[in-house]
Amino acid sequence: MTPLETTDFDPSKIPAHVAIIMDGNGRWAKKRLMNRVKGHEKGSETVRTIVRVSRELGIRYLTLYAFSTENWGRPKMEVSALMSLLKKFIYSEKSDMMKHRIRLNALGQIEKLPEDVRSALVQVMEETKDNDGMCLNLALSYGSRDEIAGTVRLLAEQVKQGVMKSEEITEDVISSHLFTRGMPDPDLMIRTSGEMRISNFLMWQLSYAEIFFTPTLWPDFSEEEYKKILLDYQNRDRRFGKVEE
Ligand code: FPP
């Protein structure tokens, strides 16, 4: 089969926002009798490929679940290896982000990250903040319940202070207080490795997303498979709870 080209896509149906749960790094490594960290290293290469393809296709927002609030419970050695991979990625991709006008953004409790990772992130977010190409969201120390609970606390405080009335709390008000404020909700969510769960990822924002699960482990997830999913997405009938005209 000939590889899919940009021209194979309907430009009017390119998803504005793609969100991905990058799962299966550990299993990829285990299958090869390697340390789990090797799987994360190979997974970082997949991240580079998927960022490039997303940008080339004109996707405006790409959100990658890189580290969940629950991932802090992994062995110390794995957490620290993931943190150094993240730092390496942030610094090594900076020039590419500037060249292609990519804006780096973080979703999650970034104050919980080790100081060196946090400062790399803050620095590159600042340097790329005026870039008007794709926005790359890294979900780091992110949990959807934690995000929603934080929003509820903040809005409750505003009501308590008399700044807002409880009846003014609408869906739009809630959306505008989440980490994804100002962004369109994901149109498409992909999870690799055969697991069919949402795992505390963007639960509010994914309400109407098209969901694709693939058995492929993240380090093996290729440009071609990503493009096939995007093509399949373009053929889905999105009705948002309504009926066809
Ligand atoms: C899930 O695989 C993956 C993660 C918890 C981390 C994702 C991190 C990367 C892809 C690399 C670093 C990120 C960037 C943005 C450069 P798993 O370890 O849960 O796999 P398993 O389910 O097979 O054990």
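Starting from 1, each residue takes its place in the sequence as its number. As the structure lists them, so they are numbered: ligands from 1, and atoms in each ligand from 1.
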Using only heavy-atom distances, determine whether the side chains of Thr170 and Asp172 contain a donor-acceptor pair under 3.5 Å.
no
Can Tyr142 and Glu147 be counted as having a side-chain donor-acceptor contact under 3.5 angstrom?
yes
With atom 14 (C) of ligand 1 as the reference point, say which of Thr46, Ile50, Leu86 has the nearest heavy atom.
Leu86
Which of these, Arg74, Arg36, Arg48, has its nearest heavy atom closest to atom 19 (O) of ligand 1?
Arg74
Between Trp72 and Ser141, is a side chain to side chain donor-acceptor pair (under 3.5 Å) present by the stated rule, with each step listed?
CA-CA 8 Å; Trp72 291 116; Ser141 193; 2.9 Å; yes
NZ or CZ of Arg32 within 45° of Trp28 ring axis and under 6.0 Å:
yes
In one Ile/Leu/Val/Met/Phe/Trp/Tyr side-chain cluster, 4.5 Å: Leu206, Tyr65:
yes
With clusters defined by side-chain heavy atoms of hydrophobic residues (ILVMFWY) lying less than 4.5 Å apart, directly or transitively, does Val37 cluster with Leu82?
no
Is the closest heavy-atom distance from Ala66 to ligand 1 below 4.0 Å?
yes
In this structure, does ligand 1 have an atom that sits under 4.0 Å from one of the heavy atoms of Lys88?
no
Any N or O of [X] that comes nearer than 3.5 Å to an N or O of ligand 1?
| X | value |
| --- | --- |
| Asn25 | yes |
| Arg27 | yes |
| Asp23 | yes |
| Asn71 | no |

Just to be sure I read this right, does ligand 1 sit under 4.0 Å from the backbone of Trp218, its side chain, both, or neither, counting only heavy atoms?
side chain
Just jot down the ligand 1 atoms closer than 4.0 angstrom to any heavy atom of [X], in number order.
| X | result |
| --- | --- |
| Gly26 | 17 (P), 18 (O), 20 (O), 21 (P), 23 (O), 24 (O) |
| His40 | 11 (C), 18 (O) |
| Ser44 | 11 (C), 12 (C), 16 (C) |

Thinking salt bridges, do Arg191 and Glu195 make one under a 4.0 Å N-O criterion?
no
Decide yes or no for Asn105 and Leu136: does some side-chain heavy atom of the first lie under 4.5 Å from some side-chain heavy atom of the second?
no
Taking everything shown except Glu171 itself, do over 12 heavy atoms lie less than 6.0 Å from its CD?
no
May I ask you to identify the nearest protein heavy atom to atom 3 (C) of ligand 1, giving residue, atom name and distance to one decimal place in Å?
Met22 O, 3.1 Å
